[in-house]
Amino acid sequence: MKTALRSTLLLCVLLLIPFAGLFAADAPVATDSGATAWMLTSTALVLLMVPGLAMFYGGLVRTKNVLGTMMHSFTAMGIMTVLWVVCGYSMAFGQNVLGGWFGWSNDYFLLQGIDTNIMSAGIPEYVFSMFQAKFAIIAPALIAGAFAERVSFKGYCFFIALWGLLIYNPLCHWVWASDGFLFNLGAKGAIDFAGGTVVHISAGVSGLVAAIYLGARKSYPHLPMRPNNLVMTLIGAGLLWVGWFGFNAGSSISSGLSTAQALTATQVAAAAGALMWVILEGLHQGKATALGFVSGILAGLVAITPAAGVVQPAGALAIGTLATVFCYLAILLKNKLGFDDTLDAFGIHGIGGIAGAIFLTFFIRESWMAEAAGVAEGWNTMKQLGVQVMAVLIAIAYSAVGTWAILFVLNKTVGIRSSEEGEMKGLDSYYHGERGYGMINPS
Amino acid sequence: MKTALRSTLLLCVLLLIPFAGLFAADAPVATDSGATAWMLTSTALVLLMVPGLAMFYGGLVRTKNVLGTMMHSFTAMGIMTVLWVVCGYSMAFGQNVLGGWFGWSNDYFLLQGIDTNIMSAGIPEYVFSMFQAKFAIIAPALIAGAFAERVSFKGYCFFIALWGLLIYNPLCHWVWASDGFLFNLGAKGAIDFAGGTVVHISAGVSGLVAAIYLGARKSYPHLPMRPNNLVMTLIGAGLLWVGWFGFNAGSSISSGLSTAQALTATQVAAAAGALMWVILEGLHQGKATALGFVSGILAGLVAITPAAGVVQPAGALAIGTLATVFCYLAILLKNKLGFDDTLDAFGIHGIGGIAGAIFLTFFIRESWMAEAAGVAEGWNTMKQLGVQVMAVLIAIAYSAVGTWAILFVLNKTVGIRSSEEGEMKGLDSYYHGERGYGMINPS
Amino acid sequence: MKTALRSTLLLCVLLLIPFAGLFAADAPVATDSGATAWMLTSTALVLLMVPGLAMFYGGLVRTKNVLGTMMHSFTAMGIMTVLWVVCGYSMAFGQNVLGGWFGWSNDYFLLQGIDTNIMSAGIPEYVFSMFQAKFAIIAPALIAGAFAERVSFKGYCFFIALWGLLIYNPLCHWVWASDGFLFNLGAKGAIDFAGGTVVHISAGVSGLVAAIYLGARKSYPHLPMRPNNLVMTLIGAGLLWVGWFGFNAGSSISSGLSTAQALTATQVAAAAGALMWVILEGLHQGKATALGFVSGILAGLVAITPAAGVVQPAGALAIGTLATVFCYLAILLKNKLGFDDTLDAFGIHGIGGIAGAIFLTFFIRESWMAEAAGVAEGWNTMKQLGVQVMAVLIAIAYSAVGTWAILFVLNKTVGIRSSEEGEMKGLDSYYHGERGYGMINPS
Amino acid sequence: MKLVVAIIRENQLDQVREALIQAGIERITVSYGSGHGRSKSEEIYRGQKVVPNLIPNARLEIAVNDAFVDITCDAIINATQANDGGLIGSGKIFVMPLEECIRLRTGERGSEAI
Amino acid sequence: MKLVVAIIRENQLDQVREALIQAGIERITVSYGSGHGRSKSEEIYRGQKVVPNLIPNARLEIAVNDAFVDITCDAIINATQANDGGLIGSGKIFVMPLEECIRLRTGERGSEAI
Amino acid sequence: MKLVVAIIRENQLDQVREALIQAGIERITVSYGSGHGRSKSEEIYRGQKVVPNLIPNARLEIAVNDAFVDITCDAIINATQANDGGLIGSGKIFVMPLEECIRLRTGERGSEAI
Ligand SMILES: Nc1ncnc2c1ncn2[C@@H]1O[C@H](COP(=O)(O)OP(=O)(O)O)[C@@H](O)[C@H]1O
Ligand SMILES: Nc1ncnc2c1ncn2[C@@H]1O[C@H](COP(=O)(O)OP(=O)(O)O)[C@@H](O)[C@H]1O
Ligand SMILES: Nc1ncnc2c1ncn2[C@@H]1O[C@H](COP(=O)(O)OP(=O)(O)O)[C@@H](O)[C@H]1O
């Protein structure tokens, strides 16, 4: 039990260097069955977010596109898992290659070298690898919201494969691998506890670029398009909230104090974001919508993602609230500007992620700042802010340019935008030969 | 590992004094990563019950109210979380104030004093606090079933906020805080393992009071109102069952024998309740309905909630079965009397909770009774029955009177019953400006 | 912590002798809170598969049968749980009786003898028993897919009760009890990590037999029958995937390396199976359907079930892919032959289970083969293949004959096929007096 | 005999039905439709007011004998106006000739079968 | 030309369709409606028998040439009665004059286009 | 006055609506139906091509004054043919006499109310 205590303390320290040194163990490490249990659970919870996202997005599109949109989430489970096992894990968590553009370790090819590895946190490396795999699934699935209802199925499949390889894996390496350059920025690195930069900002920005590149849906915005199933969207949001506990609290790679702190921050920020959204809508429109409430949940969850390890409940309350304000405004602005970011991948994930990464600076636990000051003397909020802004800008720039390049190439080859006929008939019948709700037509 | 053994034994002892002494630790305690893992999981599972409840209730109302009804569950997640963090935890688990009406500890304000606390059970206090927060969410969300389809959104929001502060927090304090007076009743306290009194009886009774206070829906009962989506109700019940494992087994605040006992009792009672319901319906109506089956699941789960820690599988079988019989009869009676407890919050949660709290007395594990007899000589079933009945009556009286008072005040101020126009148009369009199922109308 | 290490090693060894020796403990064992936590979680996850299955199957039938089909899964939760507690656990894990046909231990009656047992793996026996109970629920619920849309509710209830008692419990005993004869076949037994034989092959084969015995649905196949809700089917598949982590990784009865290996194999095989299915469909039909994708998920998951403990990711990739190919072909064949295995219980679970049990032989971890060779000199792939084929054949033969006998008896007594009127009106209104989707008709 | 088809606001279905029953018209068939007329209804989508271009309506079909056409129409008109105060989008009534009406159960025909 | 509108029990849709096809009527349009007539159907809600006030029906629309009106009606009548034995709620047939019929694909008009 | 009922492919609803609006016909009612005609549509069910026997359609109801009947029909014909090139299953238009039309809001009757 002493060991447990020590490892808890250790983990507290490691908390903000997520995944750092986890690989450094030389001596054989004992498995911590408790930490392993929670990481297994977290892996399951993050996987639950994928059907959750499928429901969230699927409910918001028009009836004729419901299956196609859900398939965007589901196919990400298939494609990204296989890629991750083959080479993604290696690119993300291997040793720096090509000047640190990404990583590589032959050992990690098909995960064959980690069959019996136990990480220094006491969990089998397989679990860590599978937990991380889920992040690589979620990120491209989030993008799909930006160009929903008008993307060809084949084009989408190629897009997420390339995006995962060229955008996600490098970014993940920079931010989370122990030799990643963002991981080593400033005193204690750029803070991205559970993927604000890696997952949400990159997905949000890529989504915006893709939405602009593909162009708006036919007859957007003059023809309003009604969600086919808000009920399902609500349930999906509920599952996302539940799954996010795995996403954030699991990112502590432990089962102890830091896990608890992350879980608490997550719960509080989600609630604060949701309440703020209905308050804003109440003031602005006179009605508090269900979609608004769940959008607020997401805004809060996204914003707390980078911050969950460093802020206390009061900070989480503030971050959730602020994120919602910015997301709300961003979506109003988008509507003014007329971009067709269909399901607001940028408005929620991009803006929420940016807001979280920046604002967290002002709510960092004192103990963390003290430690940072121990590492780099005179380290203060403003310096950390600089690091955060830098990391955000790099993530934005890299994903924007990279996504644009991928789309450009795909557009010239397999094609990415759905044919006009496909868009009109609906993705479901055109690409999948099916319809979502047989029950609404006699048959 | 010895420590683990010892703490397991300790926990067995603590089992029926739930949450007692958990705060008593003076010496620093090591984190038990396994117990923490299960408590984190339980927290996620209980959160899953909220979308589960939203689906259960949402499927039973008419199409025009589906979103509004689901929002009742969802907004509880927002409002109760924020309140809990701000002051609820303090009111529930702080030191007695105002003669023990509720608790208070300045430390718990915004949870700022527990940032690094580890409880004597080896789990971070944050986890306990968040686990408990979910109970504070579920309870008011349950009430919403009683006055579904006719409550104003704003009124509902105020209602649950006040109800949480004035009814739930005090009750929770009485039953579960170490200085709560129900916690100290009799030899080993009134048995309420996971919230039969605190959550289900209080919610059920408050629901009944509210249903009567608000009055029946327009044209109830002469116009039958058909569930919009029984399929969703079934799925919701499935999620509730799964989540209830967190609710009950998590209430052991450990991951060991007592947890396993609670989980087993939960599974058995739910199954027994469900089977009994379809058998009753089969005999009474000639058809076994799906809604009946899931109502039976709920009846069994509700009844086993107070009992999960003290009964063996045979007892759980009996309690689940008995609870269903009483709930079934209660609903028949309600239909006779003509109360419009729309979704039977009282019929299931009130009656089920009462049945469980009373009947458990006859199925208590011998070891528990022996221990009780050790504390208070000659302690026997009848004496414990007295304690249970007392606790039940106090919970009924307090929630009934308190709820009535809250409704009275709200009715004079913000208003609680929806306008007639809102009821006719449906909550969805009137309060939220949305519709649940876009797919059923061409658009 | 040393103990933890040792127990981890121990568990690695035990991994392929699932559940063996778990009962052997003489000295009192300390609870491993971490392993217990994961086993509790797994129990919850496997329970989640039941609503998942209800959604998967429920979405595929016609509108008029949606509730009836979901009830097949739900009633299994009720009936099988009660039976398991009363006698199922005893029949499956008790001592050999009747020459090893099944087991029995009076202790296990109503689980009364295990109230405080801790197994040698450090988890309370209750948890193991409840975990196993879920398997006994899932198996008959899977069969229901084979004769969906034409079975009487009462007949179904009797069928699963008898099937559980006479087919499932004995099979479970043979394969997993320490004195089961399949468990002791060859060097290290027939490999069935998480129930490929016990659950999937037996359910698939029984399904086929039942489909043939009951005969096709009226106007099958000339009248195409459209799924009422593919959206729900997709979500159900998502939940099944998540729940399968409990199913497979939980079957390690630990929280350590073997758990992690099983989880990884599960994830990889599901993804590979899903991708392969859409590729096949793309080549064969020119369209990749959503139902195809989720069928591939299931095929991969089913096939990896027996194998999850012994194969590495590359093997899982191969098994998932191969299973999909065989399932796809099997379903084409079925359509040619004209059997009405309505939802392909045999095509997916039977064929997938057989494919997994056989192919796993070629991908077994070297360390396992080395150990087997240690036990029986010269043990090699071909010998193990013999054992696997033997186990598969026995499972097929036993379930086929047994199911046929049960159906024969039921047909003469309570009746099993729904009346023609019931089939025409739909199970929902005929047997349950309800309709699934109130919202599609004005009311 | 006439077939009266009324397109009304979805949320006025209950009151129209009650009015019809009071007027002695008990047999109706209702289905859902969506309409595009002069009316506007507003929904909110993420902080933006949205005017759906097809508004959900209920569609009533009522077969009546000639003498009841006016009674039917009046009942509908009164029920909708009473609750509406001239808001745009109350809907329409269409009256069509009906040549034959058959009760399936009995085979009765004509005005008997209405 | 006539337009035949038949309101039938939802669960008799299949047999009516088969009967129509046998009678040579292959083209139909079907939608869902809910009806209020003399029929009663019972559902159960938590131990209580409930009589929904609108009963789910199928609504068939069949455009036919005059010569086929009787054939169509008879097919429907026979199919429903055969399975029903005079239970209340079998439904109704309404026949309306149809002035024009156009096949969109070819632009054919009149009885050719039916 | 006539009532024009058009059964069209579900996925041509948008373009038909646009064509109608351009032709000055703004008021319509749309509902879902499923049809059985000469058309075939294919769906795929687990590796098998399936031809559903009822194909989802949209059903438009448009009440127009006599002068507008041809305009309406032409708009629909053009919109569907433009996108279809003679594929089977474009649908049908039925025109029925309409005897009366009442605007519920104002009580106006006849061609004013259309
Ligand atoms: N000429 C028409 N043909 C078909 N449906 C119509 C016609 N005019 C109105 N409707 C239906 O009636 C509904 C209400 O019509 P609207 O013009 O908005 O009402 P108002 O007459 O009060 O302005 C519309 O949504 C549409 O469904
Ligand atoms: N006059 C009518 N106008 C419109 N629909 C009708 C009319 N009469 C019957 N229907 C429809 O037919 C269905 C069956 O009618 P009902 O009166 O119950 O049958 P029966 O004639 O056998 O008593 C009703 O549910 C309703 O939808
Ligand atoms: N005589 C008819 N009565 C009712 N509906 C019809 C009739 N003919 C066609 N329809 C409807 O029109 C749709 C298209 O008809 P179809 O015969 O397939 O088109 P096409 O005329 O291009 O061959 C059908 O699905 C059906 O709903």
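Residue numbers begin at 1 in each chain, while the letters A, B, ... track the order of the sequences. For clarity, every value in this text was computed on a predicted model and none was experimentally measured.
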**OP:** Search all heavy atoms of A/Ser33 against all heavy atoms of C/Asp32 and return the closest pair with its distance.
**Re:** OG-OD1, 2.6 Å
**OP:** Let me know if C/Met439 has heavy atoms under 4.5 Å from chain A in its side chain, its backbone, both or neither.
**Re:** side chain
**OP:** Calculate, to the nearest 0.5 Å, the distance between atoms CZ and CD belonging to A/Phe131 and C/Gln267 respectively.
**Re:** 13.0 Å
**OP:** Between chain A and each of C/Phe245, C/Trp38, C/Tyr437, C/Trp244, count heavy-atom pairs under 4.5 Å; write down the option with the most.
**Re:** C/Trp38
Subject >> Closest contact, heavy atoms only, C/Ala37 versus A/Ala37 >> reply: CB-CB, 4.1 Å
Original post:
Which region of A/Asn229, side chain (C-beta onward) or backbone (N, CA, C, O), has a non-hydrogen atom less than 4.5 Å from a non-hydrogen atom of chain C, or is it both or neither?
Top reply: neither
Original post:
Should the heavy atoms of other residues, nucleotides or ligands under 6.0 Å from CZ of C/Phe363 be counted, would the total exceed 12?
Top reply: yes
Original post:
Where on A/Val50 is there a heavy atom nearer than 4.5 Å to chain C: the side chain, the backbone, both, or neither?
Top reply: neither
Original post:
In terms of heavy-atom proximity below 4.5 Å to chain C, should A/Met55 be classed as side chain, backbone, both, or neither?
Top reply: side chain
Subject >> Side chain, backbone, both or neither of A/Thr69 within contact of chain C (heavy atoms, under 4.5 Å) >> reply: neither
**OP:** Please flag which part of A/Ile137 lies under 4.5 Å from any non-hydrogen atom of chain C: side chain, backbone, both or neither.
**Re:** side chain
Original post:
Which of the residues C/Ala249, C/Pro227, C/Gly122, C/Ala271 is involved in the greatest number of heavy-atom pairs with chain A at under 4.5 angstrom?
Top reply: C/Ala271
Original post:
Can you say whether A/Ser129 sits under 4.5 Å from chain C via the side chain, the backbone, both, or neither, judging by heavy atoms?
Top reply: neither
Subject >> chain A contacts, top residue of C/Ile440, C/Val294, C/Thr289, C/Thr63 (heavy-atom pairs, under 4.5 Å) >> reply: C/Thr289
**OP:** Determine the option with the most heavy-atom pairs under 4.5 angstrom with chain A, choosing from C/Asn228, C/Leu40, C/Thr233.
**Re:** C/Asn228
**OP:** Check whether any side-chain heavy atom of A/Met232 sits under 4.5 Å from a side-chain heavy atom of C/Ile235, and report yes or no.
**Re:** yes
**OP:** List the atom of C/Trp241, the atom of A/Leu47, and the distance in Å for their closest heavy-atom pair.
**Re:** CD1-CD2, 3.3 Å
Subject >> Per-residue contact mode, A/Ala54 against chain C (heavy atom under 4.5 angstrom) >> reply: neither
Original post:
Which one of A/Gly78, A/Pro51, A/Gly58, A/Gly34 has the most heavy-atom pairs closer than 4.5 Å to chain C?
Top reply: A/Gly78
Subject >> Donor-acceptor under 3.5 Å (A/Glu434 side chain, C/Leu291 main chain) >> reply: yes
**OP:** Considering only heavy atoms and a distance below 4.5 Å, find which of A/Tyr430, A/Phe153, A/Phe74 pairs most often with chain C.
**Re:** A/Phe74
Original post:
Can you name the nearest heavy-atom pair linking A/Thr31 to C/Ser255, along with the distance?
Top reply: CG2-O, 4.0 Å
**OP:** Let me know if A/Ile79 has heavy atoms under 4.5 Å from chain C in its side chain, its backbone, both or neither.
**Re:** both
Original post:
Is C/Thr264 close to A/Leu111 at the side-chain level, that is, under 4.5 Å between some pair of heavy atoms?
Top reply: yes
Original post:
Among C/Ala260, C/Gly243, C/Gly292, which residue forms the greatest number of heavy-atom pairs with chain A at distances under 4.5 Å?
Top reply: C/Ala260
Subject >> Residue C/Leu275 versus chain A: region with a heavy atom under 4.5 Å >> reply: side chain
Original post:
Picking from A/Val127, A/Val82, A/Asp428, which has the most non-hydrogen pairs under 4.5 angstrom with chain C?
Top reply: A/Val82
Subject >> Which of C/Ala274, C/Ala314, C/Ala288 touches chain A most, by non-hydrogen pairs under 4.5 Å >> reply: C/Ala288
Subject >> Audit row: C/Leu239, A/Leu48, side chain to side chain contact (heavy atoms under 4.5 Å, CB included) steps and yes/no >> reply: CA-CA 7 Å; C/Leu239 294 188; A/Leu48 185 62; 3.6 Å; yes
Subject >> A/Met77 CE to C/Phe293 CZ distance, which is reported to the nearest 0.5 Å >> reply: 6.0 Å
**OP:** Kindly compute the distance separating CE (A/Met130) from OG1 (C/Thr266), expressed to the nearest 0.5 Å.
**Re:** 10.0 Å
Original post:
Measuring heavy-atom distances to chain C, does A/Ser73 have an atom under 4.5 Å in its side chain, in its backbone, in both, or in neither?
Top reply: neither
Original post:
How long is the span from the CG atom in C/Leu257 to the OH atom in A/Tyr126, to the nearest 0.5 Å?
Top reply: 8.5 Å
Subject >> Heavy-atom pair count under 4.5 Å with chain C, highest-scoring of A/Val66, A/Val85, A/Asn441, A/Thr116 >> reply: A/Thr116
